[in-house]
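Taking it in order: structure first as structure tokens, then the write-up.
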Amino acid sequence: PETITVQELANRMAARQGEVIKALMKNGVMATVTQTIDADTAELIVEEFGHRVRRVAESDVELGIEGIEDTPENLVARPPVVTVMGHVDHGKTSLLDALRTTDMAGGEAGGITQHIGAYQVTLASGAKITFLDTPGHEAFTAMRARGASITDVVVLVVAADDGVMPQTIEAIKHAKAADAPIIVAINKIDKPGANPERVRQELLSHEIVVESLGGDVQDVEVSAKKREGLDKLEEAILLQAEILDLKANPNRSAEGAVIESRLDKGRGSVASVLVQKGVLNKGDIVVAGAEWGRVRALVNDRGRQVSEAGPSTPVEVLGLTGVPAAGAPFVVVENEMRAREICEFRQRKLKEHHVAGQVAARGTLDQMLA
Ligand code: GDP
Ligand code: MG
């Protein structure tokens, strides 16, 4: 991951070093002017200072990928990728479980639900939505630390009987820093003490203005427990996706990001990836972070082997030489030699980075997700 010293960050923003240090402290990061902070933290600070963030994708520079132009003509609509965030116990896991069962394709396609860090539902209309369900959602922070963003829409779960809580506020900050539009899911409306209107009011002071209060943030009342409002929530997500005009070029070699990975006794390295561009095929040579390999098998979220995976599809990749980090970008390359070359370069760089001290503001986010 990229890092920057506090001094350099202050210089680039033309801000006082003391102000930057204060802002860092407010975000739970203690650092002196000469210390380095990670890009994710830096981005939060930059946005707090009211600046826009522009990051240069490191992977493209390193890989020197050329020749693949995603012109408007070759872009095709793709499903939205959604992350569910919110305060602990407000119902993130329950909501993800409930939404999962709205999948219409599941029955026919068969297979048993597999946890691969994300799943896709196909609605009655044929529209698809991809949900990230990585425990702790390390991927979300890790992605951003690496300059990538995989989430198109954040569903902010707020329990109607509890209202806006500290981790709700943090989730709002992270969604804003990631530039992901928020849809508010006011959960637990089945509970006697539920007060959805209070939630809307409380969100006002965090610059989340829902439509009924004159803003442009969609809100949906749901009960994950009673399975109420799920279709409305999905409609809201699809409407947001339409506004975002999400597209990708399917006719190119694949690119995307690792959601999670592990070493499996029987299957070796198993990496769950989200394809963001192009189509990933069995047999492709893939570089993921500092690991590479020829794709031996692709397994979908129903535990079924598939021969390919297109944009916004989560899929397990078997055949990598090692276990890539969550959040690492993956890309298909032309041959093994190129793959080895890139991985050697990256492994060398990783060692260098390891030496440089790194302050991570990651704990808080991990706690409030999933
Ligand atoms: P998380 O920490 O945000 O993932 O929250 P969970 O999904 O684990 O839910 C926390 C608790 O709230 C559990 O006991 C759930 O059964 C309960 N819960 C979640 N959604 C609802 C709901 O819509 N209504 C009611 N009454 N309880 C809910
Ligand atoms: Mg949970």
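Worth saying up front: this structure is predicted, and the values here are computed from it rather than measured. One-based numbering, in listed order, for ligands and for the atoms of each.
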What about Val88: any of its N or O atoms under 3.5 Å from an N or O on ligand 1? no
Provide the number and element of each atom of ligand 1 under 4.0 Å from a heavy atom of Lys191. 26 (N)
For the pair His87 (side chain) and Gln167 (backbone), establish whether a donor and an acceptor sit closer than 3.5 Å, ignoring hydrogens and angles. yes
Return yes or no for this condition: an N or O of Lys226 is under 3.5 Å from an N or O of ligand 1. no
For a 4.5 angstrom cut-off between non-hydrogen side-chain atoms, does Leu9 reach Val6? no
At under 4.0 Å between heavy atoms, what of Asp89 touches ligand 1? The answer is both
Quick one: look at Asn187 and ligand 1, take heavy-atom pairs under 4.0 Å, and tell me if it's side chain, backbone, both or neither. side chain
Under 3.5 Å side-chain donor-acceptor pair for His90 and Asp162: yes
Is Glu19 reaching over with its side chain to a backbone N or O of Phe49, donor-acceptor style, under 3.5 angstrom? no
Look at the side chain of Ser312 and the backbone N and O of Arg78, then say whether any donor-acceptor pair between them is shorter than 3.5 Å. no
Using distance alone, decide if ligand 1 has a nitrogen or oxygen within less than 3.5 Å of any nitrogen or oxygen in Leu95. no
Of Ser94, Gly86, Ala224, Ala160, the residue with the heavy atom nearest atom 19 (C) of ligand 1 is Ser94
Can you tell which part of His87 has a heavy atom less than 4.0 Å from ligand 1: side chain, backbone, both or neither? backbone
Under a 4.0 angstrom heavy-atom cut-off, which atoms of ligand 1 come close to Lys92? 1 (P), 2 (O), 3 (O), 4 (O), 5 (O), 7 (O)
Using 2.8 Å as a strict upper limit, say whether an N, O or S atom of Ser94 approaches the Mg ion (ligand 2) that closely. no
Asp103 side chain to Thr122 main-chain N or O, any donor-acceptor pair under 3.5 Å? yes
Could you tell me whether the side chain of Lys92 and the main chain of Gly86 form a donor-acceptor pair under 3.5 Å? yes
For atom 28 (C) of ligand 1, tell me which residue out of Glu228, Gln167, Lys188 has the closest non-hydrogen atom. Lys188
Side-chain H-bond candidate by donor/acceptor type, Thr102 with Glu234, under 3.5 Å: yes
